[in-house]
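For reference, the structure discussed in these notes is given below.
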Amino acid sequence: MPRRYWLMKSEPDAFSWDDLCAAKDQTTSWDGVRNYQARNLLRDEIKEGDQVFFYHSSTKPQAIMGTATVVRAGYPDDSQFDPKSKYHDEKSDPANPRWFMVDIKADKAFKHPVSLPRMKATPELEGMALLRKGNRLSVQPVSAEEWKLIRGLSRTKGSE
DNA sequence: GCCAACGTTGGC
DNA sequence: GCCAACGTTGGC
């Protein structure tokens with residue numbers, strides 16, 4: 001199985017790229033995802049060694065801040081069983097957990113974060129999941145071509 | 001702050 | 001099982 005690529009969104013007010021870099025071992029559990037489509041990716045598709053773009057949403061500017069590596073593949077999200085957590089899900093059965101998470105570790109900060117407008121202005125990225133209208137998935141696939149191209153963009157300053 | 005898009009919930 | 005109402009996401 002070749003390494004695969006993903007994009008994960010985070011609101012920096014909640015958890016930012018800097019928070020990831022400041023975390024112990026620059027590693028965090030990607031918990032709190034409560035969407036079935038994203039859950040399926042976390043549980044079934046995302047494997048150790050896969051690479052992740054870390055994207056800041058609902059902020060200015062929205063941008064991919066850097067890359068991370070999946071250091072642990074899908075396992076049950078423990079926040080679903082914690083009554084004190086805002087992610088608590090009383091309907092989830094511990095014997096058959098509903099929600100999953102992965103662990104990611106910060107890899108490289110982009111010299112130049114790649115902004116949403118810059119990606120939109122790049123014709124080769126036209127089909128990218130992130131740019132599709134109405135897209136709300138917080139975890140989404142990235143193709144090898146998109147990965148390579150965006151890493152290239154991050155090495156040079158854009159107009160955005 | 002607005003609102004379009006989409007997912008989820010619940011009445012029937 | 002349909003679908004209207006509602007809540008959330010996230011760009012603008």
Side-chain angles (χ1 to χ4, degrees), chain A residues 4-23 28-46 50-68 70 74-104 106 109-143 145-147 149-154 156-160:
Chain A
R4 291 207 277 168
Y5 303 100
W6 310 94
L7 180 142
M8 294 185 184
K9 293 180 188 173
S10 187
E11 296 193 19
D13 287 347
F15 191 85
S16 70
W17 170 256
D18 287 344
D19 291 334
L20 179 62
C21 293
T28 195
S29 297
W30 203 254
D31 66 354
V33 174
R34 295 294 179 266
N35 168 285
Y36 286 103
Q37 216 179 327
R39 186 282 309 270
N40 292 345
L41 295 177
L42 292 169
R43 185 187 60 191
D44 305 328
E45 303 292 335
I46 301 178
D50 283 359
Q51 299 283 105
V52 175
F53 281 144
F54 191 106
Y55 177 77
H56 279 179
S57 67
S58 296
T59 184
K60 239 174 110 177
Q62 300 109 305
I64 297 174
M65 304 305 293
T67 64
V70 176
Y75 63 106
D77 178 342
D78 35 51
S79 68
Q80 69 195 303
F81 304 123
D82 177 2
K84 293 194 290 293
S85 170
K86 66 172 175 170
Y87 300 121
H88 181 231
D89 183 351
E90 60 184 12
K91 293 188 196 146
S92 184
D93 174 5
N96 183 23
R98 180 179 292 187
W99 306 114
F100 284 71
M101 62 187 178
V102 300
D103 290 354
I104 63 168
F110 278 174
K111 184 159 193 277
H112 303 285
V114 178
S115 74
L116 185 62
R118 194 176 180 200
M119 287 187 271
K120 283 188 169 171
T122 303
E124 294 91 334
L125 295 176
E126 200 179 4
M128 193 178 176
L130 180 70
L131 306 182
R132 273 206 285 277
K133 189 173 185 184
N135 161 69
R136 282 169 34 184
L137 257 195
S138 61
V139 178
Q140 49 186 257
V142 172
S143 75
E145 293 74 22
E146 291 160 355
W147 180 268
L149 204 128
I150 289 169
R151 292 210 35 186
L153 292 178
S154 75
T156 59
K157 192 168 175 355
S159 54
E160 298 285 353

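Excluded from the calculations below are hydrogen atoms, water molecules and symmetry mates; all remaining heavy atoms, backbone and side chain alike, are included. Quick caveat, the model's predicted, so the values are computed rather than measured. Reminder, nothing fancy here: chain letters follow the sequence lines and each chain counts from 1.
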Using the salt bridge (Lys or Arg N to Asp or Glu O under 4.0 Å) criterion, which residues pair with A/Asp89? Sequence neighbours excluded. A/Arg98
Return a table of donor-acceptor pairs under 3.5 angstrom between the side chains of residues 7-15 of chain A and protein atoms on other chains or two or more places apart.
| residue | atom | partner | partner atom | Å |
| --- | --- | --- | --- | --- |
| A/Lys9 | NZ | A/Leu137 | O | 3.3 |
| A/Ser10 | OG | A/Phe15 | O | 2.5 |

When the side chains of residues 59-67 of chain A are checked against the rest of the protein, which donor-acceptor pairs come out under 3.5 Å, sequence neighbours left out?
| residue | atom | partner | partner atom | Å |
| --- | --- | --- | --- | --- |
| A/Thr67 | OG1 | A/Lys108 | N | 3.2 |

Got a sec, which pairs hit salt bridge (Lys or Arg N to Asp or Glu O under 4.0 Å) with one end in residues 34-45 of chain A, sequence neighbours left out? A/Arg4-A/Glu45, A/Arg34-A/Asp77
Is any side-chain nitrogen or oxygen of A/Lys133 closer than 4.0 Å to OP1 or OP2 of B/dA4? no
Contact string for nucleotides 6-12 of chain C, one letter per nucleotide 5' to 3', B = base within protein heavy-atom range under 4.0 Å, S = sugar-phosphate only, - = neither, reads -BBBBSS
Once salt bridge (Lys or Arg N to Asp or Glu O under 4.0 Å) is applied, what residue pairs with a partner in residues 119-137 of chain A remain, sequence neighbours excluded? none
